[in-house]
> 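Quick one: the structure is below, questions incoming.
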Amino acid sequence: MADFNERQSIVETSRQALTIAEETYAQTLQRFIRAQANAYFHLRRLTLYDYQHNKSITYSCKK
């Protein structure tokens with residue numbers, strides 16, 4: 001019986017670890033997506049080119 005309880009405890013601990021890992025992965029993925037989007041728009045601004053519409057863009061700095 002003690003062996004069963006120990007195994008059950010191991011399964012529960014593993015389940016908790018999996019939940020934490022899934023949450024961490026989702027958060028990391030969102031940070032990656034946001035960083036990629038920022039990099040894309042930064043590249044657009046640096047090159048003054050709209051890659052989605054294949055045309056030059058103008059950048060005006062309003063003061």
Side-chain angles (χ1 to χ4, degrees):
M1 187 66 147
D3 188 45
F4 176 78
N5 290 336
E6 184 177 329
R7 288 180 191 267
Q8 188 174 5
S9 176
I10 291 171
V11 168
E12 182 57 33
T13 301
S14 296
R15 186 173 312 172
Q16 290 172 352
L18 178 61
T19 300
I20 292 168
E22 288 172 338
E23 291 171 357
T24 302
Y25 174 78
Q27 292 171 357
T28 302
L29 180 60
Q30 289 304 311
R31 281 196 301 269
F32 175 77
I33 290 170
R34 283 193 302 269
Q36 290 301 312
N38 291 338
Y40 171 75
F41 288 108
H42 183 69
L43 180 64
R44 271 183 53 151
R45 190 176 68 204
L46 289 175
T47 61
L48 296 177
Y49 193 80
D50 183 342
Y51 295 96
Q52 290 178 328
H53 298 103
N54 295 322
K55 65 179 184 177
S56 295
I57 57 175
T58 58
Y59 178 75
S60 63
C61 183
K62 296 183 180 183
K63 294 181 179 181

> Let me confirm one number: the CZ-CD distance from Arg44 to Gln52, rounded to the nearest 0.5 Å.
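Rounded to the nearest 0.5 Å, the CZ-CD separation comes out at 6.5 Å.
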> The criterion is side chain to side chain contact (heavy atoms under 4.5 Å, CB included); which residues satisfy it with Glu22, sequence neighbours excluded?
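Counting only residues at least two positions away or on another chain, Glu22 forms a side chain to side chain contact (heavy atoms under 4.5 Å, CB included) with Leu18.
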> Does atom CD (Gln16) have a neighbourhood of more than 12 heavy atoms from anything else shown, all under 6.0 Å?
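Correct, the count exceeds 12.
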> Distance from Ile57 atom CD1 to His53 atom NE2, nearest 0.5 Å?
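Separation between the atoms: 11.0 Å.
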> Check ring-ring contact (aromatic ring centres under 6.0 Å, His included) between Tyr51 and all other residues, then give those that pass, not counting sequence neighbours.
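Testing Tyr51 for ring-ring contact (aromatic ring centres under 6.0 Å, His included), a comparison that skips the adjacent residues, returns Tyr49.
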> Atom CZ of Arg45 and atom OH of Tyr40: how far apart are they, to the nearest 0.5 Å?
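It comes to 14.0 Å.
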> Assess whether side-chain contact (heavy atoms from CB on, under 4.5 Å) is satisfied between Gln8 and Asn5, documenting all intermediate values.
CA-CA 5 Å; Gln8 188 174 5; Asn5 290 336; 4.1 Å; yes
> Let me check something: do Leu43 and Phe41 share a hydrophobic cluster, defined by ILVMFWY side-chain heavy atoms less than 4.5 Å apart, either directly or through other members?
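Yes, same cluster.
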> Would you give the length of the straight line joining atom CG of Asp50 to atom OG1 of Thr58, rounded to the nearest 0.5 angstrom?
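OG1 of Thr58 is found 11.0 Å from CG of Asp50.
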